[in-house]
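In what follows, every heavy atom counts, from backbone to side chain, and hydrogens, waters and symmetry copies are set aside.
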Amino acid sequence: MSDVVEKTLTALPALFDSQTGAAKITNRLRQLIKSITELTSKHEEENLIKQELSAMKEQVSSPNTTMKQMREIMVRAMYCEMLGYDASFTYIHAIKLAQQGGVLEKREEENLIKQELSAMKEQVSSPNTTMKQMREIMVRAMYCEMLGYDASFTYIHAIKLAQQGGVLEKRVGTFTPHFHSSPYITSITHAQEIIRRKAVLALYKFYLIAPNQVQHIHAKFRKALCDKDPGVMTSSLHIYLQLIRESPDSYKDLTGSFVTILKQVVGGKLPLDFNYHSVPAPWLQIQLLRILSLLGKEDQSTSELMYEVLDESLRRAEMNHNITYAILYECVKAVYTIHPKAELLEKAARCIGNFVLSPKINLKYLGLKALTYVVQHDAKLALQHQMTIIECLDHSDFTIKRETLELLFRITNAQNVTVIVEKMLDFLRSCNDEHTIIHLVGKVAELAEKFAPDNSWFIQTMNDVFSIGGDLLQQDVPNNFLRLLAEGSESKEEDDQLRLYAVDSYLTVLKGHTSHLPQCFLQVMSWVLGEYAHLQESVDQREVIRLLTQLLDQRSVSSETRVWILSALTKISEGQTDLILDLAESLSSSQDTVLRQQAQELRHLSQESQLHEWALPRGAPWDGIEVDSSLSFLDGFVSEALAAGAAPYKPPHQRQEELCEDRALNLEPYGFSLPVSLSSCSITDRQSPTLLSVSSGLSGNSTELSQKAGCLILEGVKRVWGKDGYLPQKKRSTPPVDEPSAAVQPPGQQEAAERIEPRPDPLTQNQDKQQLASSLFVGLGVGSAMSLLGKSEAPPPRFRKKPHPHESSSSSSSGTSERSSDSSSRSSRNTTNSFLYGSLLEKEPATSISAFDHTPKSTTANGLAQNKDTKEDRRANTSQILGGDMVIVRPSTIQDKHPPSVSSDLTALLPADLKDLPHSDVISLTSDPSLSLSSCRLFRDEALLLVIFISNCTETVIKDVAVQLTCEELKTVSLRGNVVDCLEARSTSVCHYALLMDDPHTNVSFTGTVSYQTQPGHTNTLPFSGTLSTADFIRPLVVTTEEYGKLWLSLSHDVKQNLKLLTDAGDPLRTTLNSLKDALQLHVVDIIGSEGIVACRLLSGAPCLLHCRVNGTALAMWLRSPHPALPDCILYHCQRALAHH
Amino acid sequence: MIKFLLMVNKQGQTRLSKYYEQVELGKRAALEADVVRGCLARRKEECSFVEYKDYKLVYRQYAALFVVVGITENENELSIYELVHNFVEVLDKYFSRVIMFNLDKVHIILDEMILNGHIVETNKNRILAPLLALDKMAES
């Protein structure tokens, strides 16, 4: 190949040189390119292009421009776009030209139109696009479609638009989807190879955009795969790779075909012009190998089919060219992905050796990458290459180093963790690429938590992580660390020791220079000192206070960090009144309102030690804190406020959206759309503000908050919920015992490691490297925990958290962080947050009713620290619930109010087709001397049937009985029997309403009247009312654990909460879930150990998934649903159900 | 998957850019400058792959010209490295002169080779077939 390269190299400069003239090229473009190349500054270029663009603008609109000139303009426009200047005014001309012009013109326009289409794609998926803009986009899309470009991505939006929009939108919306894939389907059988090929590729694109639309042509894909032309077959592989990635099981039958194709390709059966440097169709081979590895994954019988061809591929690819190595790499990956075969593994391992030992740097890189992949399956392989790995670790090339660290990360265990982490930190210190730092620091933190040999090392490493990672760190790293400290392990003694180490180390850090420390580290330190400084008896608390106060004086400390520091000071202030008063005094004139408030709180608390003791009990347990995140204790207040005419609460995102819409309305240049359609859409578009009731207002609020909390603490969940969904595996089965101190290494293991270690030439290797090697690769030997298939368990993490750290802390903080998010939003003055604050303001008076909600601590930004005073909050809450007048009535209380005097034999009167449905008890609605009304709820899958029994209590006939029922929040889909002409004496008539709930509300009340005539011409009316709860609209959702796992990942709105656990029976989890199941009609999907998963849905609509975990004496519940308000409603009812059990 | 393909000269001027994932026009210039800086900073003996944000760059130098391809993590770097060479060989086969002035034709060639971020054709004769047909039409 070298002669070709030579030729290319010599030719290229000439190719890009402008000297050798090109007669065909029009002068303008040539001029443009030339002048741009000659320019020296960016500023000049800008001016030139601006001139050029305005000249072009003139030309395109001039009627005299010929087609040829137009084409030349288009090429220039393309050039300008490439340089980053906006030439979008030419798009429409491009489309025009493409319509008129010849083939050559079309090709030019294609590029611009593609640009246009992708811009449109961006716009349609943006939530800010208004209806009017959308309509305009649709028209543009239609135009492109007419010219034969694929704008099918707009179909779905068109349909949406047609559903929502006004008249004009409807016309446009329904028009677009008329175009579809049919022309491509017909051309798949075209005689010419190139047409078939392009048709297959177009269908692939269709599949990517709308998989459901091309389902009916899967047979055609198979035809394409068997096409006699290799090009068409190659094109179809893109579709298959995609399909097989999504569901490998459905395409196992094609394994044979793929194997045959690969065999033919490898065997050189393709025409010679498919060769690249005498390797037959290398990219095709790579594609096939990828498909095979997907098919053979965890499937022995399928894998057996491909052993032979893989073996042949490995053998054939011996030629020494880059492209053969690319194939080999793919081969090795395939061999290690499919069901293992010893012989092949051995060959593949040897191949990796060739890579890694190659002097060519690119091959070395690929070898490391392959090794990184392979050690996940067989960690021992790293042993063979340890010397190379160590060399790569000190390599001058950044990329190689980075890849090596990735490899080391994969082989880390308890024995080599210190060395590996040291290497990673070294690398980090010299690295200044933000992305790499974030990525790698997270990994260090993960390793430290998993494998730390002792407390001091762990704290020291985390210190490094915080100071290196700084404020780039992902929020979950400090959160995880603090949680670990706060919750601790099983043994209190060990925990305290760890905390003590942390306190000591932080005091040392704070005594040094602190101005360079990142905010995040300062926050962690101040929290730890606040919580645990008292553990260190040898240090004077005054000293700690002094150090923290010093931080406050520093200018580099952000106001958020100040809040953390102040809350720490609040915790340790006890008994140091003089110092604190000084501090409070100096801060009381601060510019920052949050700080000023905290200073006030600090002053009060330090003066009243009793209050301090109560608000911030030292060493209070972390478990067992229940938080009412739905804020149901405020229901009374909110409904009063609403009754008094207050505006219902809107979550910030909704307000933001409305704001955007307003803005769009003002600036929008298009004039001919009716304003009516816009305002109507803004109501139907979202969860309508008019439909917001007390409960949904509340739940909207708490969703928002819990989301906030959710993004604070995300880690830890991943262990149960893996990439592929629910993982009902390992972790639970590992015994919750700490690993015996890993610092001392079992001697047998070391021997083994050394035995395997090949030493090619012991004389030439220096001793340092050997030492490093033995410390890096220790623990990978025979005793290694990782088996060939990687199925065995990972070694138990050193810092074992309690079985349910995540839910408990996050759910408790989700509730408590409410005040903190409030205050932090006050401090950060961006619009979103001030909106949040504005809305919370409405509720603030309610909080102030309870005396202890204003404990100073509750305004800190430190969610975790607040857990302690939630107890007080709760006490206050309950008292408020008892004291305040509850407006919302629980469904079961209907029965309490009206004693079930009505005989239940009324149910016998139910129509035959409804008799078998599950139903509630019959309760009395209202009665007067002549009529009595009672109701019963029947649970049908897709609706709630509200049956009303109308009984004539008199001895005379009652005429013209008519029932009228209204309920704003519910939708009545059918009603039957609500008008009865004549009701005989002592008889009962039945009428029933089928009701739907589209938006969940915790409770909805219905009102109604029944009118009747006892004497002709004399109409009586009797009003009645009642309440229905969400529980009536919940139906079990029957899914398997796998489906549940998949669904879980796809849902966005989640809420977490600790609930009461019913402990009176042998298996608390099962008992609790069963009682919930009975009360709420949930479906218990699975119970494994201390976890249970439960699913339900709102009638036949939105699902809601519940994940429950026993957490000491509480049940940590995590709910997810596509509907924002549904989890709160369900949670509310779960709480009720358990409280009344 | 291939995210973008750039041809840049040593001065950092873009000669050709093709994106397979929508990137805003305004952001392109900054991204290109970043990418070029990353590749130019590397020495000959270092490997041809660089990490950039959450994807990899594969670059290959031809005299004063760099071809840079942005790919996702799961792509095979070496095969892309060779694809670049294949592309250059095709250009070499078709153009006898300055290709800068034939921007449109380079685009046609590239469109034959890469679609939707996937490699769709590597056979040189087939890549050039449509272009040759167009040329023939233009002549007649």
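- Between the side chains of Asp135(B) and Tyr94(B), a donor-acceptor pair is found at a separation under 3.5 Å.
- Ranked by heavy-atom pairs shorter than 4.5 Å toward chain B, the options Lys360(A), Glu403(A), Arg197(A) are led by Arg197(A).
- Looking only at heavy-atom pairs under 4.5 Å with chain B, the residue among Asp397(A), Thr399(A), Ile361(A) that has the most is Asp397(A).
- With respect to chain A, the highest number of heavy-atom pairs below 4.5 Å among Asn125(B), Ile119(B), Val50(B), Ile80(B) belongs to Ile119(B).
- In terms of non-hydrogen atom pairs under 4.5 Å with chain B, the most contact-rich of Gln287(A), Glu330(A), Lys364(A), Lys369(A) is Lys369(A).
- For Leu6(B), no part lies under 4.5 angstrom from a heavy atom of chain A.
- There is no contact between Ile438(A) and chain B, counting heavy-atom distances below 4.5 Å.
- Between Tyr20(B) and Phe4(B), the distance separating the two ring centers is not shorter than 6.0 angstrom.
- By the 30° and 60° cut-offs, the orientation of the rings of Tyr276(A) relative to His85(B) is perpendicular.
- Using modelled atom types and a 3.5 Å distance limit, the side chains of Thr14(B) and Glu32(B) yield a donor-acceptor pair.
- Only the side chain of Ile286(A) has a heavy atom closer than 4.5 Å to any heavy atom of chain B.
- Side-chain contact check for Gln242(A) and His118(B): no donor-acceptor pair (N or O, by modelled atom type) lies under 3.5 Å.
- Between Tyr204(A) and His238(A), the ring planes lie tilted relative to each other; the angle falls in the 30° to 60° range.
- Residue Gln11(B) does not touch chain A at all, counting heavy-atom pairs closer than 4.5 Å.
- For Tyr329(A), the part lying near chain B is the side chain, with the backbone staying farther off; criterion is any non-hydrogen pair under 4.5 Å.
- With chain B as the partner, the residue from Asn362(A), Thr436(A), Leu366(A) showing the most heavy-atom pairs under 4.5 Å is Asn362(A).
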What do the steps show when you test Glu77(B) against Tyr365(A) for side chain to side chain donor-acceptor pair (under 3.5 Å), and what is the final call? CA-CA 9 Å; Glu77(B) 286 93 343; Tyr365(A) 167 83; 2.8 Å; yes
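- Heavy-atom pairs under 4.5 Å with chain A were tallied for Lys27(B), Lys124(B), Glu75(B); the largest tally goes to Glu75(B).
- A pairwise comparison of heavy atoms in Ile114(B) and Val120(B) identifies N-CG2, 4.1 Å as the closest pair.
- Although no hydrogens or angles enter the test, the distance criterion places a donor-acceptor pair under 3.5 Å between the side chain of Glu121(B) and the main chain of Asn123(B).
- Contact of Lys56(B) with chain A is made through the side chain alone, with heavy-atom distances under 4.5 Å.
- Contacts between Tyr19(B) and chain A at a heavy-atom distance below 4.5 Å are absent for every atom of the residue.
- With a 4.5 angstrom heavy-atom cutoff, Asn116(B) touches chain A only via side-chain atoms.
- Counting heavy-atom pairs under 4.5 Å between each of Arg290(A), Glu45(A), Lys333(A) and chain B puts Arg290(A) at the top.
- Under the 30°/60° scheme for interplanar angles, the aromatic rings of Tyr59(B) and Phe66(B) are found to be tilted.
- If you tally non-hydrogen atom pairs under 4.5 Å between each of Ile323(A), Asn322(A), Thr234(A), Asp433(A) and chain B, the highest count goes to Asn322(A).
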